[in-house]
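Take a look at the structure set out below.
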Amino acid sequence: MRFAITSKGDSKSNTLMHKMKSYLLDFNLIYDDEQPDIVISVGGDGTLLYAFHRYSSRLDKTAFVGVHTGHLGFYADWVPEEIEKLVIAIAKTPFQVVEYPLLEVIVRYQNGGRETRYLALNESTVKAVNGTFVMDVEIRGQHFERFRGDGLCLSTPSGSTAYNKALGGAILHPSLPAIQLAEMASINNKVFRTVGSPLVLPAHHACLLKPVNEPDFKITIDHLSLLHKDVKSIQFRVADEKIRFARFRPFPFWKRVHDSFVAD
Ligand code: NAP
Ligand code: MN
């Protein structure tokens with residue numbers, strides 16, 4: 001088996017990374033950071049987001065596992081004290097794989113032809129560069145609303161505990177192949193109206209955003225933020241691809257939610 005390890009880059013994570021690497025090499029596993037079968041992320045959820053994007057072209061061949069060196073994470077759920085146990089599990093046992101849904105984002109431009117496609121593990125957000133953000137929102141080919149406000153956030157189920165949660169979105173179990181649309185400070189008065197509630201869309205109900213006037217936007221894909229000019233539309237849907245996590249023990253999602261947000 002070939003493995004790779006990504007570290008957050010702080011000294012604690014780096015030390016742990018080097019330790020795990022030498023243990024795994026002792027077990028005759030092969031270090032291969034180009035084509036790994038398993039990627040171990042040491043740091044926080046942000047470190048796993050980074051690892052996901054680094055290996056997003058081979059999601060069907062790579063499984064991820066996260067070790068947290070800070071607070072409990074949603075993607076990083078092993079503690080440093082457990083790494084010997086984790087290393088033995090990786091080296092000796094065939095692991096189970098759990099798959100989580102991803103968000104597909106396709107940006108199309110006014111000059112036609114060209115389009116860009118992204119995959120997000122947490123979410124994609126869209127905000128204006130100049131002035132108020134105004135977009136026509138279409139769901140499954142039908143006009144739904146004209147949104148005015150700060151922006152919109154489309155999240156995956158596993159991303160629903162991140163930015164989406166801060167926007168008042170619901171927490172979705174990652175076994176649901178769905179995406180969630182959450183508003184950022186919509187303008188609502190007698191003239192302008194939006195639904196006001198987060199919406200959960202099933203797979204293949206695409207959400208399409210079409211600019212009304214200003215065509216330049218700041219679009220984020222997880223931690224990545226890019227300026228897009230002359231945008232014609234932005235399409236969001238549940239991706240065909242999934243992320244695969246290597247599971248060596250049960251750690252139910254609702255327990256992680258409880259331990260992170262309610263009490264330890
Ligand atoms: P960051 O600023 O370090 O991340 C913000 C926080 O979100 C960190 O505590 C991070 O955990 C946590 N986080 C990431 N994914 C999560 C998940 N799926 N569930 C629960 N918490 C999660 O930046 P980053 O580490 O590069 O992460 C980028 C993410 O930050 C974005 O995808 C977005 O979800 C989030 N964000 C949130 C807000 C907000 O809540 N208002 C605003 C902007 C961005 P770690 O410390 O373990 O990395
Ligand atoms: Mn972070």
Side-chain angles (χ1 to χ4, degrees), residues 5-14 16-17 39-56 64-80 98-105 118-128 133 149-186 198 200 217-227 236 238-239 242-245 247 251-264:
I5 311 185
T6 56
S7 160
K8 186 177 178 179
D10 60 299
S11 64
K12 187 175 178 187
S13 304
N14 285 344
L16 218 55
M17 171 176 74
V39 171
I40 304 156
S41 149
V42 183
D45 286 331
T47 319
L48 201 127
L49 289 176
Y50 170 86
F52 164 75
H53 286 280
R54 160 118 209 243
Y55 295 105
S56 64
F64 295 84
V65 62
V67 178
H68 66 87
T69 48
H71 53 88
L72 167 68
F74 273 83
Y75 301 121
D77 53 16
W78 287 80
V79 298
V98 195
E99 295 186 328
Y100 281 6
L102 298 169
L103 169 72
E104 180 196 73
V105 183
Y118 300 96
L119 288 179
L121 174 56
N122 268 352
E123 78 285 288
S124 171
T125 68
V126 189
K127 292 177 186 174
F133 171 90
D150 281 3
L152 289 165
C153 172
L154 282 110
S155 69
T156 64
S158 61
S160 66
T161 50
Y163 204 160
N164 166 77
K165 185 175 183 294
L167 299 170
I171 298 180
L172 253 65
H173 194 277
S175 62
L176 297 167
I179 54 171
Q180 183 168 184
L181 171 64
E183 299 186 347
M184 294 176 187
S186 56
V200 177
F217 298 92
K218 196 180 110 178
I219 303 178
T220 69
I221 304 289
D222 297 333
H223 53 280
L224 177 78
S225 174
L226 288 167
L227 173 67
F236 304 91
V238 178
K242 292 186 160 211
I243 182 171
R244 300 161 71 240
F245 288 100
R247 272 292 132 79
F251 192 175
F253 180 71
W254 296 121
K255 178 161 169 53
R256 268 177 287 165
V257 172
H258 167 272
D259 292 356
S260 297
F261 296 120
V262 184
D264 254 321

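This chain uses plain numbering: 1 for the first residue, then up along the sequence. Only this structure's heavy atoms are used, side chains among them; waters, hydrogens and symmetry mates stay out. Both ligands and their constituent atoms are indexed starting at 1 by order of listing.
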Options [options], ranked by nearest heavy atom to [atom], top entry:
atom	options	result
atom 24 (P) of ligand 1	S155, G46, P174, S160	G46
atom 17 (C) of ligand 1	G73, G70, A162	A162
atom 32 (O) of ligand 1	K8, R256, E123, H68	E123
atom 35 (C) of ligand 1	Y50, Y75, Y163, Y100	Y163

N or O contact, G159 vs ligand 1, cut-off under 3.5 Å: no
When you measure from [atom] to the protein, is at least one non-hydrogen atom found at a distance under 4.0 Å?
atom	result
atom 41 (N) of ligand 1	yes
atom 12 (C) of ligand 1	no
atom 1 (P) of ligand 1	no
atom 5 (C) of ligand 1	no
atom 26 (O) of ligand 1	yes

Numbered atoms of ligand 1 (with element) below 4.0 Å of [X], judged on heavy atoms:
X	answer
F74	19 (N), 20 (C)
H223	26 (O)
L49	27 (O), 28 (C), 32 (O)
A166	39 (C), 40 (O), 41 (N)

Give the minimum heavy-atom separation between I171 and K165, together with the two atoms involved. CD1-CE, 3.9 Å
Looking only at non-hydrogen atoms, find the nearest pair between A162 and E123 and report the distance. CB-OE1, 4.1 Å
With a cutoff of 4.0 Å, is S158 in contact with ligand 1, counting heavy atoms of the residue only? yes
Taking only non-hydrogen atoms of H71, do any sit less than 4.0 angstrom from ligand 1? yes
Mark yes or no for whether T220, through its side chain, and S124, through its backbone, hold a donor-acceptor pair below 3.5 Å. no
Would you check if the side chain of N14 reaches a backbone N or O of G9 as a donor-acceptor pair within less than 3.5 Å? yes
Nearest non-hydrogen protein atom to atom 19 (N) of ligand 1, with distance, is T161 OG1, 2.6 Å
What protein heavy atom lies closest to atom 22 (C) of ligand 1? Include the residue and the distance to one decimal. D45 OD2, 3.6 Å
Taking the side chain as every heavy atom from C-beta outward, state whether [X] and [Y] have any atom pair closer than 4.5 Å.
X	Y	result
Y75	L49	yes
D77	D259	no
S13	V42	yes
H53	I221	yes

Got a second to check how far [X]'s [atom1] is from [Y]'s [atom2], nearest 0.5 Å?
X	Y	atom1	atom2	answer
I243	S158	CD1	OG	7.5 Å
I179	C153	CD1	SG	10.5 Å
H68	W78	NE2	CH2	11.0 Å

What class does the angle between the rings of Y50 and H223 fall in, given that below 30° is parallel, 30 to 60° is tilted and above 60° is perpendicular? tilted
Using a heavy-atom cut-off of under 4.0 Å, does the side chain or the backbone of N122 touch ligand 1, or both, or neither? side chain
